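Accompanying notes for the structure given below.
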Amino acid sequence: MNKQAVSENERWLLSYYRASEINGALFFGRVARTVRGPLLVDVTHHFTDEANHANYWTKCLDDMDLTPVPQNRAYQDQYLEAVGMPANVMEVMAITQVFEKRVIGQYGRHQRYAGTHPLAKATIQKIMLDERWHVKYVRDALADLSGKYGAELIDTTLARFTAADDEVYAKTLEEYGQRLEFLGETTEHYHGTETE
Amino acid sequence: MQATFAAVAERISVTSGVAVDRLRPETTLKELALDSFLLVEMAVDLQEEFDAIFTQEDLHRVSTVGDLVELLNTSGAADVRARAAADHG
Ligand SMILES: [Fe+2]
Ligand SMILES: [Fe+2]
């Protein structure tokens, strides 16, 4: 076990990640019940990945002798409220693409911060392998769906969801920005979507 | 594929768990008491089955099972693509 102290803010952030991964698993569990064709395999895999990530964060906190800090609404709840419930498979994939890029950006920043607890860093490294695959298969799925939905509709949908995500992220920072300042950056750096 | 009431009711029954003999064209989606994600599941299932594309605006306008049948028959994927391309250009 690693005895390095964990700051209260990092404990809060790991708890936030855990809550967010649980929400991701619940969302993809619902999606996996519905989709058909080749997406069925990838989406079901995605569902189990997100559930595993929640498990990794729970174990990581437990290995630090910590319990998760209770969280109210996860990021996805606010994001879905902002974009509206998806009306079709393409919108499900577009919502996911924008969100997964946000996740990779956030985990990447946390991983780069020199003071990150070694157990948290190892957990992020493990999760990032899956998150990169999520972005890739969703990108491929959207390319495949352009035959049915048309590239124009996909592009405008992605632009609409990206704008909503930027807004929700800005609001999240207004609410929790101080929690993230330990990562050594000002909240200004968090605006905009990182892709890798 | 033409979406008939019987075929649509059958699919709705499968995804929602509501018995098919409880469904009438005038049955409202509210009466089915589905949570919001079950509505998404049902909408996605119907689109896959009948090769249609719904938008969020379409779903906001739908109130009964009969409305859904009509929507499926006017939201063929080819028509929606053509409309989106026209809007874009
Ligand atoms: Fe994840
Ligand atoms: Fe993910």
Side-chain angles (χ1 to χ4, degrees), chain A residues 22-40 42-44 47 50 73-74 76-96 141-161 163-164, chain B residues 1 3 7-8 10-18 29-30 32-63 67-89:
Chain A
I22 288 175
N23 264 42
L26 291 171
F27 179 81
F28 272 92
R30 304 297 295 260
V31 176
R33 281 159 47 124
T34 314
V35 292
R36 301 183 191 186
L39 264 182
L40 186 64
D42 286 344
V43 164
T44 308
F47 154 61
E50 303 301 6
R73 295 170 76 226
Q76 289 100 322
D77 296 326
Q78 298 178 54
Y79 173 48
L80 272 181
E81 200 173 285
V83 297
M85 290 303 272
N88 54 54
V89 168
M90 182 275 287
E91 289 193 358
V92 169
M93 288 295 123
I95 281 174
T96 305
L142 281 168
D144 290 345
L145 288 169
S146 67
K148 175 171 179 180
Y149 292 83
E152 293 89 357
L153 188 58
I154 295 178
D155 287 349
T156 52
T157 304
L158 281 170
R160 187 157 59 86
F161 293 170
Chain B
M1 193 200 326
V8 172
E10 180 65 39
R11 290 310 314 169
I12 291 177
S13 176
V14 170
T15 41
S16 69
V18 175
L29 300 185
K30 264 206 181 101
L32 303 180
L34 309 176
D35 75 34
S36 57
F37 214 97
L38 206 45
L39 268 177
V40 174
E41 286 183 42
M42 190 179 76
V44 167
D45 178 71
L46 290 171
Q47 291 169 81
E48 298 284 301
E49 187 73 17
F50 297 101
D51 194 29
I53 296 176
F54 295 169
T55 64
Q56 290 180 330
E57 296 78 52
D58 291 335
L59 289 176
H60 286 144
R61 281 196 298 268
V62 164
S63 104
D67 293 343
L68 261 180
V69 175
E70 197 184 320
L71 178 60
L72 281 164
N73 286 317
T74 53
S75 311
D79 299 335
V80 173
R81 263 196 313 275
R83 282 202 294 272
D87 286 353
H88 201 253

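Given the structure is predicted, the values throughout are model-derived calculations rather than measurements.
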With only heavy atoms counted, which part of B:Leu38 is less than 4.5 Å from chain A, the side chain, the backbone, both or neither?
-> both

Okay, B:Ser36 and chain A: the region with an atom under 4.5 Å from a heavy atom over there is both

Taking 4.0 angstrom as the limit, do B:Asp45 and A:Arg33 come out as a salt bridge?
->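 Salt bridge flag = no for A:Arg33 with B:Asp45.
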
Looking only at atom types and distance, does a side-chain atom of A:Glu91 sit under 3.5 Å from a main-chain N or O of B:Thr55, one as donor and one as acceptor?
-> no

Student check: side-chain heavy atoms of [X] and [Y] closer than 4.5 Å:
| X | Y | answer |
| --- | --- | --- |
| B:Val40 | A:Arg30 | no |
| A:Lys148 | B:Ile53 | yes |
| A:Val31 | B:Phe37 | yes |

Out of A:Gly150, A:Pro86, A:Gly84, A:Ala87, which one racks up the most heavy-atom pairs below 4.5 Å with chain B?
->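 Highest number of pairs under 4.5 Å: A:Ala87.
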
Give, for atom CG of B:Leu46 and atom OG1 of A:Thr34, the distance between the pair rounded to the nearest 0.5 Å.
->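 If I round to the nearest 0.5 Å, the distance is 10.5 Å.
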
Walk me through it: do A:Met85 and B:Leu39 pass the test side-chain contact (heavy atoms from CB on, under 4.5 Å)?
-> CA-CA 9 Å; A:Met85 290 303 272; B:Leu39 268 177; over 6 Å; no

State whether the number of non-hydrogen atoms from other residues, nucleotides or ligands found under 6.0 Å of B:Glu41 atom CD is greater than 12.
-> yes

How close do A:Val89 and B:Glu48 get, heavy atom to heavy atom, and via which atoms?
->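 Smallest interatomic distance, heavy atoms only, reads CG2-OE2, 3.5 Å.
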
